[in-house]
Amino acid sequence: MKVVKSLIAPTLFALGLLASAGPAAAQEKLTVWWVKGFYKAEDDALFAAIKKFEDKNKDVKIELSQYPIQDMIPKTVSALDSGSPPDVAYADVYDFQVTGKWAYDGKLEDIGSVLAPMKDRFAPNTLETAFLYNDQTKKKAYYAFPIKQQTMHIEYWNDMLNEAGFKESDIPTAWKDYWSFWCEKVQSGSRKQTGKRTFGIGMPMGVDSSDSFYSFLTFMDAYNVKLVDDSGKLLVDDPKVRAGLISALTDYTTPYTKGCTPPSSTSWKDPDNNVAFHNKTTVMTHNATISIAAKWLDDSNNASLTPEQREEARKNYTERIHTAGFPNKPDGSKMVYRSAVKTGVVFKDAKNKARAKEFVAFLMQEENLTPYVEGSLGRWFPVTKAAQASPFWKADRHRLSVFNQYAAGTVTFEFTKNYKFTVLNNENVWAKAMSRVVTDKVPVDKAVDELIARIKTVAAQ
């Protein structure tokens, strides 16, 4: 009997261990894929939110995978094709390239139950961009969650402007005068004073650059061109649309034909206009975030740099680099900027959709989302009213410029009304039209006719 007892006791003890380990063994897994942050503060805020969610939900373990921005879409598409998508996914370029198409194809989960209760918290033209059409259900629903947004800004070196013999008050506000000022006056003044081959403008024109199409579409907006109506129907057969596109493409390519942007700008990728600006080979550039200025703010707090380097970075951020909006439209009215609202998704075939929605709802709470957005040092603007009212956005002149641009109101991209424009953006038909003019020497009106033909082929409903 003693032998049996000695055998039974360890067995019961082992069973007790298994029982006590039961909750851990039964812990749910939530798979999250997220783009790698531009700054450490972004990632730290994400990690903090994940830890808070796990502390609140002891039975859930989040498996986080982070990838560089250029890898996110290929990896996600591959996972979708294999039938094993993550539960929650976010990338800075989903909105431009895939969210609308995934919704149309029925690959995304309707998360209206999460977003509808918080609808009043969102600023205008943010949540609306996640209300997308599903061709399987034949209706729209909230198939994505808005995280942050971006719009177009002007960045220029004030010290280079002064060196060229001009001051800020000399910068024109009229459309044509503005671009000729940088191209003809500032560039020649800079070259005369320094003897260096500086360029007045950094004009993104590369086919592999989202900056090039975002910038061109801003020029198109300056001419009040509307490519689609609110239902997504094409308007490109309107002679006024063609005329506006010709004007926009003429203005966009003129700095290149006049030698006012680096010859390499036709092959620039997204970082390259930043690099040219940081190297002071260009006096001014336009960019879809204030990452150019924020780079120097980040450097000014980088402990791995020398005190001298940090001080130089501080001066660049606080004194030398200026952030501004675009000039007035050619008709004299103020610019209204298109905002790209960055979206995350829950997939239809996700294995743990219930928990995925819980996590999205948790992440969208102000105390979790705001630190994540502000961790980008102003590179992204909030989508909620409360976060936009944060003192953070009036803390320095770069962020205040962003705040003022958004305060004037924004408009949405074509792909929020017709998902097929994500295909056109992927092809970058806009930069291809530029190339036809500056590289192939095709007349602007012919390049525009080719552009319109391609738009009709891809995006006709």
Side-chain angles (χ1 to χ4, degrees), residues 30-34 72-73 76-77 79-81 83-149 228-234 338-365 368-369 382-385 410-426 459-461:
L30 184 66
T31 305
V32 175
W33 288 9
W34 211 266
M72 279 296 296
I73 289 179
T76 312
V77 169
L80 279 169
D81 290 345
S84 301
D87 297 311
V88 181
Y90 169 77
D92 295 340
V93 290
Y94 276 174
D95 65 315
F96 280 141
Q97 296 175 280
V98 289
T99 303
K101 188 176 189 309
W102 284 342
Y104 184 88
D105 292 341
K107 294 182 178 180
L108 301 181
E109 179 73 4
D110 179 351
I111 53 174
S113 61
V114 173
L115 297 175
M118 61 179 79
K119 187 175 181 178
D120 291 343
R121 288 175 44 208
F122 290 96
N125 286 336
T126 54
L127 183 59
E128 295 92 327
T129 66
F131 196 63
L132 302 168
Y133 182 76
N134 182 332
D135 195 48
Q136 293 186 355
T137 63
K138 305 298 181 184
K139 61 182 181 179
K140 287 187 170 185
Y142 290 114
Y143 286 111
F145 55 95
I147 288 284
K148 54 198 181 186
Q149 55 185 325
V228 297
D229 63 17
D230 288 342
S231 66
K233 182 182 177 182
L234 291 181
R338 59 173 63 211
S339 180
V341 179
K342 309 287 107 178
T343 50
V345 296
V346 174
F347 289 104
K348 189 75 172 176
D349 291 339
K351 293 179 174 61
N352 199 349
K353 289 187 286 191
R355 288 294 193 183
K357 292 177 184 179
E358 285 183 33
F359 176 69
V360 170
F362 181 82
L363 184 65
M364 295 298 292
Q365 293 174 13
N368 301 320
L369 185 59
V383 292
T384 64
K385 298 171 188 174
T410 60
V411 294
T412 57
F413 276 74
E414 293 81 7
F415 60 73
T416 63
K417 298 163 185 170
N418 182 333
Y419 84 92
K420 295 174 183 176
F421 274 83
T422 60
V423 177
L424 294 166
N425 290 342
N426 277 332
Q461 292 184 323

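Worth saying up front: this structure is predicted, and the values here are computed from it rather than measured. Computed from heavy atoms alone, side chains included, the values below leave out hydrogens, waters and symmetry copies.
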K.L.:
Using residues 105-112 as the side-chain source, report each donor-acceptor pair under 3.5 Å to any protein atom, sequence neighbours left out, with the distance given to one decimal.
P.N.:
unit_1 : atom_1 : unit_2 : atom_2 : d
D105   : OD2    : K101   : NZ     : 2.7
E109   : OE1    : K353   : NZ     : 3.3
E109   : OE2    : K357   : NZ     : 3.0
D110   : OD1    : G112   : N      : 2.8

K.L.:
Enter the distance from T343:OG1 to K148:NZ here, rounded to the nearest 0.5 Å.
P.N.:
11.0 Å

K.L.:
With a 6.0 Å cut-off (strictly less than), is the heavy-atom count around NZ of K233, excluding the residue itself, greater than 12?
P.N.:
no

K.L.:
Going by the angle between their ring planes, with limits at 30° and 60°, are F415 and F96 parallel, tilted or perpendicular?
P.N.:
perpendicular

K.L.:
Work out which heavy atom in A459 is nearest to a heavy atom in N418; give both atom names and the distance.
P.N.:
O-ND2, 2.9 Å

K.L.:
When rounded to the nearest 0.5 angstrom, what distance separates CD in E414 from CG in L424?
P.N.:
9.0 Å

K.L.:
Are the side chains of I147 and L369 in touch, meaning some heavy atoms are under 4.5 Å apart?
P.N.:
yes

K.L.:
Distance check, rounded to the nearest 0.5 Å: T416 atom OG1 versus D230 atom CG?
P.N.:
9.0 Å

K.L.:
Taking N368 for the side chain and F362 for the main chain, is one N or O donor matched with an acceptor at less than 3.5 Å?
P.N.:
yes

K.L.:
Are K348 and P85 close enough that some pair of their side-chain heavy atoms sits under 4.5 Å apart?
P.N.:
no

K.L.:
Is the side chain of D87 donor-acceptor paired with the backbone N or O of T31 at a distance under 3.5 Å, no angle test?
P.N.:
yes

K.L.:
What is the minimum heavy-atom distance between V114 and V360, and which atoms define it?
P.N.:
CG1-CG1, 4.1 Å

K.L.:
Regarding D229 and K417, does a basic nitrogen lie under 4.0 Å from an acidic carboxylate oxygen?
P.N.:
no

K.L.:
How close do P124 and T410 get, heavy atom to heavy atom, and via which atoms?
P.N.:
O-OG1, 4.4 Å

K.L.:
Pair F347, W102 - check ring-ring contact (aromatic ring centres under 6.0 Å, His included), show working.
P.N.:
CA-CA 9 Å; F347 289 104; W102 284 342; 5.3 Å; yes

K.L.:
Could you tell me the separation between the CD atom of E358 and the CG atom of N352, rounded to the nearest 0.5 Å?
P.N.:
8.5 Å

K.L.:
Supply the atom-to-atom distance Y142 OH to L132 CG, rounded to the nearest 0.5 angstrom.
P.N.:
10.5 Å

K.L.:
Hey, does the side chain of Q97 reach the backbone of V423 with a donor-acceptor pair shorter than 3.5 angstrom?
P.N.:
no

K.L.:
Here's a test for you: under side-chain hydrogen bond (donor to acceptor under 3.5 Å, both in side chains), which of D95, T129, T99 qualifies with K342?
P.N.:
D95

K.L.:
Among pairs that include at least one residue of residues 113-127, which meet side chain to side chain donor-acceptor pair (under 3.5 Å), considering only residues two or more places apart or in two chains?
P.N.:
R121-E366

K.L.:
Quick one: closest heavy-atom pair of A91 and M72, and the distance?
P.N.:
CB-CB, 3.6 Å

K.L.:
Can you tell me which residue among Y143, F421, Y419 is in a ring-ring contact (aromatic ring centres under 6.0 Å, His included) with Y104?
P.N.:
Y419

K.L.:
What are the two closest heavy atoms between K139 and Y133, and how far apart are they?
P.N.:
N-CE1, 3.6 Å

K.L.:
Minimum heavy-atom separation for F122 and P146, please, with both atom names.
P.N.:
CE2-CG, 3.5 Å

